[in-house]
Each structure stands twice: as structure tokens, then as C-alpha cells.
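A short write-up of the structure that comes next.
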Amino acid sequence: MTVRGHRILVDQPAEAGGADSAPTPTEMFIASLATCVAFYAGRYFTRHGYSRNGLSVAVGHTMAADRVAAVQ
């Protein structure tokens with residue numbers, strides 16, 4: 001996909017039929033949430049005079065094993 005002239009690749013793991021050349025759309029979605037939190041937390045800290053040193057955001061996910069992800 002292209003966003004404001006930036007090319008962003010997504011793919012699927014080899015076992016799901018992809019080439020594993022880039023993150024999956026789900027991984028990109030989760031990463032986008034984490035970076036959004038980090039960015040706006042940093043802005044909040046700066047705006048209120050707090051140090052941003054040491055600010056970090058960690059995120060992980062587990063896909064449900066009891067159902068197939070599908071659009072219905």
C-alpha cells in the first residue's frame with residue numbers, strides 16, 4: 001500500500017501462502033496501535049514538562065486458536 005508517498009509492504013508467512021517478506025496486516029495493525037500510544041504519550045509528557053527519557057511501549061498479541069479468522 002502507499003500512504004502519502006510512503007510504500008508499506010504487508011505479506012503472510014510461508015505456511016499461510018505468503019513469502020514472509022513483510023509483516024502481516026494484523027501485525028501492522030498492532031504495531032500501529034503501539035506506535036500511536038508511544039507518540040501521543042510522548043507528546044503528553046513534553047507538553048506537561050515531564051521527561052520522555054525511558055519511555056517505551058511494548059506490545060504483543062496472540063491469535064485465537066479456537067476459530068479461523070475470516071470476514072463474514
Side-chain angles (χ1 to χ4, degrees):
M1 86 176 123
T2 303
V3 177
R4 291 187 305 104
H6 302 283
R7 188 168 180 233
I8 302 170
L9 301 176
V10 294
D11 198 358
Q12 293 293 325
E15 63 271 13
D20 200 19
S21 64
T24 67
T26 302
E27 291 166 337
M28 290 291 290
F29 173 69
I30 293 164
S32 73
L33 293 176
T35 57
C36 188
V37 167
F39 178 80
Y40 286 104
R43 280 185 59 180
Y44 177 88
F45 285 9
T46 299
R47 186 171 58 245
H48 293 282
Y50 298 109
S51 172
R52 294 167 57 154
N53 291 341
L55 172 65
S56 68
V57 174
V59 66
H61 75 284
T62 303
M63 298 293 282
D66 62 341
R67 63 183 71 86
V68 176
V71 177
Q72 299 195 18

Expected output: side-chain D20 to main-chain A14 donor-acceptor under 3.5 Å: no

For P23, is there any backbone N or O sitting under 3.5 Å from a side-chain donor or acceptor partner on D11? no

Between L55 and Y44, is there shared hydrophobic-cluster membership here, with clusters defined by ILVMFWY side-chain heavy atoms closer than 4.5 Å? yes

When you look at CZ of R7, are more than 12 heavy atoms from neighbouring residues, nucleotides or ligands closer to it than 6.0 Å? no

Measure the CG-CZ distance between N53 and F45 for me, rounded to the nearest 0.5 Å. 11.0 Å

Residues 25-33 side chain polar contacts: donor-acceptor under 3.5 Å, at least two apart:
| residue | atom | partner | partner atom | Å |
| --- | --- | --- | --- | --- |
| E27 | OE1 | T24 | N | 2.8 |
| E27 | OE1 | T24 | OG1 | 3.4 |
| S32 | OG | F29 | O | 2.6 |

